[in-house]
Amino acid sequence: QTLRIGFDMTQTIIDNGAYSERVTVTPIAAAKGQFHIKLESQYKGAKDPEAWRTVYEITCTQWGLEQLGKEIYDAVTSG
């Protein structure tokens, strides 16, 4: 999937009914080739069960995003 300026890609990576995590990748309009990556979690037993909490954020280049994807893929397929 190709990301275009002004469009985010959000993917749920964990959802067991009580706990969820999602990752969002957003192209940065003011910096061509840069992306903002945000990992969020949601716990249904929390005080505000509908709130998403930011766990981690990073801004990187397209090359960095590709390397991250490669490392994740290698980690899950190597064992």
Side-chain angles (χ1 to χ4, degrees):
Q1 180 178 8
T2 302
L3 291 174
R4 295 175 295 156
I5 300 301
F7 294 90
D8 295 349
M9 182 191 76
T10 299
Q11 179 67 48
T12 299
I13 54 177
I14 296 172
D15 187 355
N16 65 17
Y19 179 80
S20 300
E21 284 187 1
R22 68 184 180 190
V23 62
T24 302
V25 179
T26 306
I28 300 173
K32 186 176 179 177
Q34 298 278 325
F35 295 86
H36 182 80
I37 303 166
K38 180 166 56 171
L39 179 65
E40 298 172 288
S41 67
Q42 181 184 55
Y43 176 55
K44 295 295 184 181
K47 184 176 180 180
D48 183 356
E50 298 305 311
W52 286 91
R53 182 179 72 84
T54 300
V55 177
Y56 183 74
E57 293 182 89
I58 187 172
T59 299
C60 63
T61 63
Q62 181 173 337
W63 179 86
L65 182 57
E66 290 168 356
Q67 294 305 305
L68 177 61
K70 181 184 178 309
E71 291 296 324
I72 292 169
Y73 178 81
D74 289 349
V76 299
T77 59
S78 67

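Computed from heavy atoms alone, side chains included, the values below leave out hydrogens, waters and symmetry copies.
To the nearest 0.5 angstrom, Y43 atom OH is 12.0 Å from S20 atom OG. Put simply, NZ on K38 and CH2 on W52 are 11.0 Å apart, with the number rounded to the nearest 0.5 Å. L65 CG to I58 CD1: the interatomic distance, rounded to the nearest 0.5 Å, is 9.5 Å. Interatomic distance, T26 OG1 to F35 CZ, rounded to the nearest 0.5 Å: 10.0 Å. If you take OG1 on T10 and CZ on R22, they are separated by 6.5 Å, rounding to the nearest 0.5 Å. How far OG1 of T61 is from NZ of K32: 14.0 Å, rounded to the nearest 0.5 Å.
Note: the hydrophobic cluster containing V76 does not contain I14 (ILVMFWY, side chain heavy atoms under 4.5 Å, direct or indirect links). Hydrophobic clustering of Ile, Leu, Val, Met, Phe, Trp and Tyr side chains at less than 4.5 Å, counting indirect connections, unites M9 with I13. The hydrophobic cluster containing Y56 also contains L68, counting ILVMFWY residues as joined when their side-chain heavy atoms lie under 4.5 angstrom apart, directly or transitively. Clustering ILVMFWY residues whenever any of their side-chain heavy atoms sit less than 4.5 angstrom apart, transitively, puts I72 in the very cluster that holds V55.
Considering only residues two or more places apart in sequence or on other chains, K47 meets the side chain to side chain donor-acceptor pair (under 3.5 Å) condition with none of them. Scanning for salt bridge (charged side-chain N to carboxylate O under 4.0 Å, His left out) contacts around D48 gives an empty result, with sequence neighbours left out.
Nearest heavy-atom pair across G64 and C60 is C-SG, 4.1 Å. For the pair V25 and P27, the tightest heavy-atom approach, listed with the atom from each and the gap, is O-CD, 4.1 Å.
Residue pairs meeting the salt bridge (Lys or Arg N to Asp or Glu O under 4.0 Å) criterion with at least one partner in residues 68-79, sequence neighbours excluded, are K70-D74.
At distances below 3.5 Å, at least one donor-acceptor pair connects side-chain atoms of Q42 with backbone N or O atoms of E50.
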Problem set entry | Stepwise side chain to side chain contact (heavy atoms under 4.5 Å, CB included) check, E57 with H36 | CA-CA 7 Å; E57 293 182 89; H36 182 80; 2.8 Å; yes
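A 4.5 Å side-chain heavy-atom check between E21 and T12 finds every atom pair outside the cut-off. Two residues are said to be in side-chain contact when any heavy atoms from C-beta on lie closer than 4.5 Å; V23 and I37 meet this criterion.
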